[in-house]
Structure formats: structure tokens, C-alpha cells
> 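What follows is a single structure, and I will ask about it in a moment.
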Amino acid sequence: MGRMEEKLDRIGDVLGRVETSVAGMATKRDLANYTFAGLGIGLALMALIIGGIIGGLGWLKPDSSPPPPVTITAPAPQIIYMQPPAPPQTQQPAKP
């Protein structure tokens, strides 16, 4: 019994050391969370940079107005009057 108690104590010590070393390791869920957090921060930084560029360009030239609308004028429609064909002319036989 004494030897078994010694072995159990040593096993308990080893398991305690393993638990403390494993407790500091990241799990798959932690890695996924870090990945999503990094993507979110990256997208937010891109939005800030692009928004800053657009805002800065707008600040440089704030009085710009949109171009005037394009108007297209079409020619007036032409009405063509057609006359009915003339009736066929019958030739008179020549008189002797």
C-alpha cells in the first residue's frame, strides 16, 4: 500500500505539471477568435484609411459642384406624305 501511495503521489505531481504547461497553450477556439479579431481590426483600419483619403480629398476641393446635366436634342420628326399611284394609262389604238 505504501508503494502504491508513493506512485500515486508521483503521478499526481506529473499531472499537475502537465496541467500547468497545457493551461498556457491556445486552443483551436482561441486561434479562431484571434484570427477573426485580426480580420476585424484590419478591415477597420482599411476603412479608416480609405475614408481619410476621401475626406482629405474632399477637404482640399470642397466647392466642387457636379457637372451640368447632359441634354440631347433630337431633330424634329419629318412627315412624308405619299401620293397614291396614278391610274394606269390605257393606250388608244392608232387611228388609220
Side-chain angles (χ1 to χ4, degrees):
M1 275 312 251
R3 285 187 341 180
M4 285 179 68
E5 286 180 7
E6 287 177 22
K7 299 271 186 191
L8 287 175
D9 288 339
R10 279 195 283 167
I11 290 173
D13 291 339
V14 170
L15 286 177
R17 282 184 288 175
V18 168
E19 283 180 358
T20 56
S21 65
V22 170
M25 295 178 66
T27 62
K28 285 183 182 180
R29 182 173 296 265
D30 291 335
L31 294 176
N33 288 340
Y34 297 153
T35 302
F36 290 133
L39 285 174
I41 290 171
L43 289 174
L45 284 174
M46 281 189 351
L48 283 173
I49 290 170
I50 292 172
I53 290 171
I54 292 172
L57 291 175
W59 181 74
L60 290 175
K61 192 175 180 185
D63 60 339
S64 64
S65 60
V70 177
T71 56
I72 300 174
T73 56
Q78 297 178 354
I79 300 173
I80 300 174
Y81 293 103
M82 298 188 72
Q83 296 185 3
Q89 299 285 340
T90 56
Q91 286 189 346
Q92 300 289 336
K95 292 188 179 180

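Everything quoted here is computed from the prediction, not taken from an experiment.
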> Is there a side-chain contact between Met46 and Leu43, using heavy atoms and a 4.5 Å cut-off?
yes
> Mind checking side chain to side chain contact (heavy atoms under 4.5 Å, CB included) for Ile53 and listing every partner two or more places apart, or none if nothing turns up?
Ile49, Leu57
> Linking Ile, Leu, Val, Met, Phe, Trp and Tyr by side-chain heavy atoms under 4.5 Å, what else ends up with Leu15?
Ile11
> Show me, pair by pair, the donor-acceptor contacts under 3.5 angstrom made by side chains of residues 71-78, not counting sequence neighbours?
none

> Residues in side-chain hydrogen bond (donor to acceptor under 3.5 Å, both in side chains) with Asp13, at least two apart?
none
> Side-chain donor-acceptor pairs under 3.5 Å in residues 32-41, sequence neighbours left out?
from, atom 1, to, atom 2, distance (Å)
Asn33, ND2, Arg29, O, 3.3
Thr35, OG1, Leu31, O, 2.8

